[in-house]
S.K.: 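Supplied in structure tokens, the structure appears directly below.
Atom set for the values below is all heavy atoms of this structure, side chains included, hydrogens, waters and symmetry mates excluded. Below, read A as the first sequence line, B as the second, and so on, with proteins coming before strands; counting in each chain starts at 1.
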Amino acid sequence: MLSRDFYNRATLKVARDLIGKVLVHDTRAGLASGIIVEAEAYIGESDKACHAAPGPTARNAPLYGPPGMAYVYLNYGIHYLVNAVTEAEGWPAAVLIRALEPRDGIELMRRRRAAGSTRRVRELAVNDLCRGPGNLTKALGIHLRQNLKDLTSSELRIEDHGLPKPSVAWSRRIGINVAVEQEWRVYALDSDAVSGSRRQASMANAQC
DNA sequence: CGTTCGATGCACT
DNA sequence: GTGCATCGAACGT
């Protein structure tokens, strides 16, 4: 399990260090987990793409709270997206989890993804089950009820399994129309579960 | 391979 | 009323 201090740091460092950690959701239906292979940083009110850009509101309150909590919200009226809140309390920032490599509970993920879906979706490869921020929350059964769960201790948590630190690359964030110039998306170079086109991944530049 | 577009709920102006 | 931190189907190349 990661400590509160892990999240109480510069958001870009937290995003980098979350790659290779394991997101777990343990529910009555069973435990599902996956290795984080893609994430994006959203940092402060000056970041036009961050939900804190308009200042404090009812919806974005979790961003201003203590680090290490989950910030879950509904987007496009259809998908839930999950973030890990970062930086000190009062400093609104978070890391959006964008893709996982499925680890435990793969059949449970498949069942959740299949609900109300077409045959094509029911027959997805394992690495497609948690590919994309809306897909991974569906596979893990995350919805608004998990907003503000404590990622350091609750049934929705992020664990350190001591896996080797993956090589990563940085790119522009995906799916936004403002603040597009910052390269605040980070992803594992060698993972087949990263979202976006394969071509984009193979044209990786800045490693570290 | 690529692009376009509808679904759908709610916070915010 | 407007605009999303998306997804997948449909259709073009």
S.K.: For C:dG8, does OP1 or OP2 lie under 4.0 Å from any side-chain N or O of A:N135?
M.R.: yes
S.K.: Tell me the interatomic distance from A:N60, atom CG, to C:dG3, atom P, rounded to whole angstroms.
M.R.: 20 Å
S.K.: Starting at CG of A:L74 and ending at P of C:dC7, how long is that distance when rounded to a whole Å?
M.R.: 13 Å
S.K.: Would the A:H51 and A:Y73 ring centres measure less than 6.0 Å apart?
M.R.: yes
S.K.: So what does A:G77 hit on the nucleic acid, given a heavy-atom distance under 4.0 Å: a base, only sugar-phosphate, or nothing?
M.R.: base
S.K.: Taking for each residue the nucleotide of DNA chain C bearing the nearest heavy atom, is the 5' side occupied by A:H79 or by A:R120?
M.R.: A:H79
S.K.: Side chain of A:V121 only, please: which of C:dA9, C:dA5, B:dC12 is the nearest?
M.R.: C:dA9
S.K.: Taking any strand in view, what nucleotide pairs with B:dT8 in a Watson-Crick or G-U wobble way, both distances under 3.5 Å?
M.R.: none
S.K.: Return the 5'-most residue of the pair A:N177, A:L124 with respect to DNA chain C, ranking by each residue's nearest nucleotide.
M.R.: A:N177
S.K.: Tell me the interatomic distance from A:K48, atom NZ, to C:dC4, atom C1', rounded to whole angstroms.
M.R.: 17 Å
S.K.: Figure out the NE2/C1' separation between A:H51 and B:dA11, and round it to whole Å.
M.R.: 10 Å
S.K.: Among B:dA11, C:dT6, C:dG8, which nucleotide sits nearest the side chain of A:L81?
M.R.: C:dT6
S.K.: Rounded to whole angstrom units, what separation is found between the CZ atom of A:R119 and the P atom of C:dA10?
M.R.: 14 Å
S.K.: Check the distance between C:dC4's C1' and A:Y42's OH and give it to me in whole angstrom.
M.R.: 11 Å
S.K.: Rounded to the Å, how far apart are A:R113 CZ and C:dG8 C1'?
M.R.: 10 Å
S.K.: In whole angstrom, what separates A:H143's NE2 from C:dT6's C1'?
M.R.: 19 Å
S.K.: Under the 6.0 Å and 45° cation-pi test, does A:R9 pair with A:F6?
M.R.: yes
S.K.: Considering only atom P, compute the distance from C:dA10 to B:dT8 and round it to an integer number of Å.
M.R.: 15 Å
S.K.: Is the base of C:dA5 touched by the side chain of A:Y76 through a donor-acceptor pair closer than 3.5 angstrom?
M.R.: no
S.K.: Does the Lys NZ or Arg CZ of A:R185 fall within the cation-pi geometry relative to A:Y187 - under 6.0 Å from the ring centre and within 45° of the axis?
M.R.: yes
S.K.: Are OP1 or OP2 of C:dG8 and a side-chain N or O of A:T118 less than 4.0 angstrom apart?
M.R.: no
S.K.: Between A:R98 and C:dT6, does any side-chain N or O lie under 4.0 Å from OP1 or OP2?
M.R.: yes
S.K.: Under 3.5 Å, is there a donor-acceptor pair between the side chain of A:T11 and the main chain of A:A41?
M.R.: no
S.K.: Just to be sure I understand the rule, does A:L96 reach a base, reach only the sugar-phosphate, or reach nothing, if contact means heavy atoms closer than 4.0 Å?
M.R.: base
S.K.: Within 45° of the axis and under 6.0 Å from the centre of the six-membered ring of A:Y80, does NZ or CZ of A:R145 qualify?
M.R.: no
